[in-house]
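Letters go in sequence order (proteins before strands), and every chain restarts at 1.
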Amino acid sequence: MSSTSEKFLVGIFDDEDILLHGVDGVRDKGVKIHEVYSPFPVHGLDEALGYKRTRLPIAAFIFGLTGTALALTMQIWMLGYDWPMIIGGKTLLHCLHSFRYFELTVLLSALGMVATFFIVSDMKPYKTPRSYDIRSTDDKHVMAIDLASNKLSKEDISRILKESGASEVNEKNF
Amino acid sequence: MMAFTNCLEKRKRILFSANVDGALSAISSSYKATNTGFELVLYESCGLGNGSQANNPLLQELPDPITKATWDHYVTIALKDATELGIENDAEGRTQLVNLTANGKTISVAALVQPGQAPGTLGVALGYGRTKVGKVGENIGANAYPLVSATETMSYRIFSGVTLEKTDAAFQLAQTQIHQTYMGRENVIQESLLADYNKNPEYWKESAAKVSSWDGKVDPSSLSMWKGHEYNNHHWGMAIDLNTCTGCGSCVVACNVENNVAIVGKQEVINRREMHWLRIDRYYTSDAAPENYKEAEIASENPEVVFQPMLCQHCNNAPCETVCPVAATTHSTEGLNQMVYNRCIGTRYCANNCPYKVRRFNWFKYHDNQQFTQSNPSMNTDLGRMVLNPDVTVRSRGVMEKCSFCVQRIQSGKLTPRRTADHYKMAK
Amino acid sequence: MQPTSAVREILITGGKTVRDVSEDISRQVEGKPTKLWWTAFSISLVLLMFGVYCLATVLWEGIGVWGLNKTVGWAWDITNFVWWVGIGHAGTLISAILLLFRQKWRMSINRAAEAMTIFAVICAATFPLVHMGRLWLGMYWVLPLPNTWGSLWANFNSPLLWDVFAITTYFTVSLVFWYIGLIPDFAVIRDRATRMGNKTRATIYNALSFGWDGAAKTWMRYESVALILAGLSTPLVLSVHTIVSFDFATSIVPGWHTTIFPPYFVAGAIFSGFAMVLTLLIVTRKVFKLEDYITIYHIELMNIVIIITGSIVGIAYITEFFVAWYGMVPAEYYAFYNRATGPYWWAYWSMMTCNVISPQLFWFKKLRTNIVTTFILSIVVNIGMWFERFVIIVTSVHRDYLPSSWSMFYPTMYDVGEYILTFGFFFTAFFLFAKFFPVINMAEVKSIIKSTSEKKH
């Protein structure tokens, strides 16, 4: 499809435990894994693949702080300075207003984090993802290996994949 | 509860301190013992009078000082007689029509059980049942004039030949107050005898409930979470002499006229939605102790009556203000609790939170709704609108309204001298 | 063959494989709807239409077509609002709090429960909107927006304003949480559609799935997002009903002005929410043949939550009475006396029977593992919870400080109509959801199938 052809070897794994061993096996042999696609989250897979922890919680925290600050400034400025009113004999600014700080904190934190997640994972409604094997959303774990970024030959990688537990090995070009 | 019992004792003393014997002899001298049936009194009601004003919706919707009934014609009857005749008139104004015959004429009116009415007597208002009077007052009730005996002299008291017959036709009275007693709540009605007052004018202050604090028992008003606000300019208030108030309701009419208060008609009064900004609460006493809640709801057979004009109290720390989400009701710097109609979105939270229940909601578009043309012509016809006060907004549907302490008059009172002073200066 | 743990309870029966999960759940999205579905959907739609007619009348004529009056300013409207918000709570509780507690049994039910939350919150939100006298202005005046007459902002003291913020935040976060959960499952349906050669469906579900590919990196981020959303939703779900309870607790109406309200409302919310989840799931599992995924064990666990929260609510009712008696405030003393023995005694005792006595039946294992009793009691509980809100709102305000204003409330057709409107919407939306969206979270169930599924013989 694309003008610059990319060649991938695709190993299919039937079971998450075999997959986890397989990932270790393949990486031990010096094969660089492009990515693994699973129908459900496999615990320990990110560590096996050597991924660093995601920094999304930090994003969530920063967005949350923004929400708190926004609510606080809004409140103090609007009620304390811009248009003070005598309401029920209460003082203009008091701690009972604080519910909204919490709500805005949560709102901005959640929305900001999810937006960040979509952006860093490049997810959008009109995007069509690459499908290395269509069964990867059903019941198969799919390990994609980019031949261009590996020094080993196609046959060697294919053998390594089989040895590590892949039930089939296919070739996929984009 | 001790304080209450004291109060009750005092009330009993009032009852029995009157010159009963004198009154009794006065009555017995004019009373004819030949009376067999009921004794009927035809009276001019406080609102309609002789009926010449029967087409005036302000008067039709003015609650009777005692029965609190509006738009209705009824015969008042003692509880004892009503029970004997099988008439059931519950607290919510559900009753039956009765056929009242006097002097050979029969009229059909609703029965209203009136606490304090002497057994054997009936009361019927004149001025109702007019047939050619105008849109508003047509065919309300029955014409009681034919009952007037004209044989000897014109007499509005008929002592013989009066019979009352219960029918099965149900009737719903439109009363603005459907709870008779004040439930023995001494913070609602605070009364004492002049003699007791002279002895200790501070009695109510002293007996008022106290709140425990770090410094012992204190007055509840002395405790607050808030520092409050200073009112450095005017601080408006209204004083009503409760000793003088007879509950006539003239102030209610005046308030309606001044503030373009909508007249809502009989059905809406039955729905408990009358719009009066100012009302006169009428409470009866009950024989039961205040702790006996069920019994305390029922008025004594011969109760004392107390009137209490009720309007927006313009509370300094007003509970209605706090709860409005859009700040449509706030305090002015002159201590007025002001209602901003065009900001109001009508959540009705303020009315729920008002301890005096003086806030009134515009359930419908009273000033432009065919449903109300009959009861409210002053807002629904072109001619009628000419009587509206141009200084006061006509409220739209879906907003809350309430007593403003006639803020338009306050403003005018402040501005007129200023303007005159300016003229004076200029003339100089 | 599936390995089974001897220690863990079996959550998925029928010896399902990962493959079977995709098949079983996607089937009803792909197939034509059954006659039963069409019937149920049509009935809901008719209810919705009737409700829309009533709503139109309220908007055209004014709030006066309801039975409210000068004394009772809120009745069915706010009762229904609180009732629906309460029902919504179960979804968030199941998906967020049970996720934090690592309760795996949530996985079969969280999708439907969250959908229920979303629809219930929409139903709830209609009432504060419709109950306003001037909805067309109130819709945006409650937000702190500058306006052309100068900057008159909203009143930050008002619990109603807190509500606005709480409900919108709750709705938004719940929606996002629900949608995040749906993304991988939409991808499943997309890929199945591609394989079946159904291009339209593949395109639609691809758009819905945001181009999900299931990469390990994305899964890692996804799990982190889900965990944090759960962490954010947990205090949120507790705060929402707390703030709803402030609508009453911060007022001065005797019977409303009670500090016990926040925990009592939250417990009641979870109580009614779980009951509603049960009502819906017992039907759903039957109609879509999901008995292997939503098992008796799931139902039993939910019934246990109902006993616990029901008992908390019962204790709260008794505590209220104790405090009213102990506090010696005459108006409050009377408010509670009036609640139990006044003109609305029947509402109070319906509430007590449905909410306090009936859930105690679940102490018997036989009853809590029986589908029929569970179904009946789940409806009884929600009837009771409706009465609870009615009792709190109407019986408190109809007789407060000044006896001169005491009055009764009688509902009209339009009061009932608004309630029917939300029922119509709720079930219409739920049936559409059940038809077009996977009703069980496939990805999550797949991840536990190995450890908690029944062994295939």
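The choice from C:D247, C:D163, C:V72, C:T250 that makes the most heavy-atom pairs within less than 4.5 Å of chain B is C:D247. The greatest number of non-hydrogen atom pairs below 4.5 Å with chain B, out of C:L161, C:L402, C:L135, is found for C:L402. For the set C:A331, C:P254, C:P159, C:G67, the count of heavy-atom pairs under 4.5 angstrom toward chain B peaks at C:P159. Ranked by heavy-atom pairs under 4.5 Å with chain B, the first of C:G342, C:S404, C:A154 is C:S404. Heavy-atom pairs under 4.5 Å with chain C peak, among B:H179, B:Q177, B:Q308, at B:H179. When each of B:A91, B:A351, B:C324 is scored by its heavy-atom pairs under 4.5 Å with chain C, the top score falls to B:C324. With respect to chain B, the highest number of heavy-atom pairs below 4.5 Å among C:L137, C:I252, C:V142 belongs to C:I252. Across B:N187, B:N353, B:D281, B:V188, the residue that shares the most heavy-atom pairs under 4.5 angstrom with chain C is B:N353. With chain C as partner, the option from B:R360, B:R359, B:R348, B:Q371 having the largest number of non-hydrogen pairs under 4.5 angstrom is B:R348. Interface summary for chain C: among B:A327, B:G346, B:C350, the most heavy-atom pairs under 4.5 angstrom belong to B:G346.
Counting heavy atoms of neighbouring residues, nucleotides and ligands inside a 6.0 Å radius, atom OH of C:Y326 does not exceed 12 of them.
Looking at C:Y334, the atoms closer than 4.5 Å to chain B (heavy atoms on both sides) sit in the backbone and in the side chain alike. Using a 4.5 Å cut-off between heavy atoms, B:E297 contacts chain C through its side chain alone, with no backbone atom that close. For chain C, no part of B:K68 is nearby; none of its heavy atoms comes within less than 4.5 Å. Heavy atoms closer than 4.5 Å to chain B are found in the side chain of C:W136, but not in its backbone. Only the side chain of B:P319 has a heavy atom closer than 4.5 Å to any heavy atom of chain C. For chain B, no part of C:V164 is nearby; none of its heavy atoms comes within less than 4.5 Å. C:S396 does not touch chain B: none of its heavy atoms, backbone or side chain, sits under 4.5 Å away. Interface remark: C:D77 contributes side-chain atoms only to the contact with chain B (heavy atom separation under 4.5 Å). B:S396 touches chain C through its side chain: at least one heavy atom from C-beta onward sits under 4.5 Å away, while N, CA, C and O do not. Contacts between C:V329 and chain B at a heavy-atom distance below 4.5 Å are absent for every atom of the residue. Within the 4.5 angstrom heavy-atom criterion, only side-chain atoms of B:M310, from C-beta onward, approach chain C. With a 4.5 angstrom heavy-atom cutoff, C:F409 does not touch chain B via any of its atoms. Contact annotation for B:N362: neither backbone nor side-chain heavy atoms come within less than 4.5 Å of a heavy atom of chain C. Using a 4.5 Å cut-off between heavy atoms, C:I78 does not touch chain B at all. At a 4.5 Å heavy-atom cutoff, the contact between B:F361 and chain C is made by side-chain atoms alone. Interface residue B:Y356: backbone and side-chain heavy atoms are both found under 4.5 Å from chain C.
Checked against a 6.0 Å centroid threshold, the rings of C:H131 and C:F81 do not count as neighbours. Taking the six-membered ring for Trp, C:F390 and C:Y419 have ring centres at least 6.0 Å apart.
B:R279 and B:E274 are not joined by a salt bridge, as no carboxylate oxygen comes within less than 4.0 angstrom of a charged side-chain nitrogen.
A donor-acceptor contact under 3.5 angstrom links the side chains of C:N80 and C:W386, judged on distance only. Side-chain atoms of B:E321 and B:H331 form a donor-acceptor pair, as typed in the model, at a separation below 3.5 Å. Counting only N and O atoms by type, the side chains of C:N157 and B:T322 include no donor and acceptor under 3.5 Å apart.
Geometric assessment of B:R395 against the ring of B:Y341 yields a positive cation-pi assignment under the 6.0 Å and 45° thresholds. Under the 6.0 Å distance and 45° angle rule, B:R282 counts as a cation-pi partner of B:Y284. Judged by the 6.0 Å distance and 45° axis criteria, B:R185 is not positioned over the aromatic ring of B:Y283.
The shortest side-chain heavy-atom distance between C:K70 and B:R273 does not fall under the 4.5 Å cut-off. Between C:F248 and C:I393 the shortest side-chain heavy-atom distance falls below 4.5 Å. Contact of the C:L55 side chain with the C:V130 side chain is registered, since non-hydrogen atoms from C-beta on lie closer than 4.5 Å.
A donor-acceptor pair is defined here as one N or O able to donate and one able to accept, closer than 3.5 Å; no such pair exists between the side chain of C:T71 and the backbone of C:W406. Between the side chain of B:N369 and the backbone N or O of B:Y366 there is no donor-acceptor pair closer than 3.5 Å.
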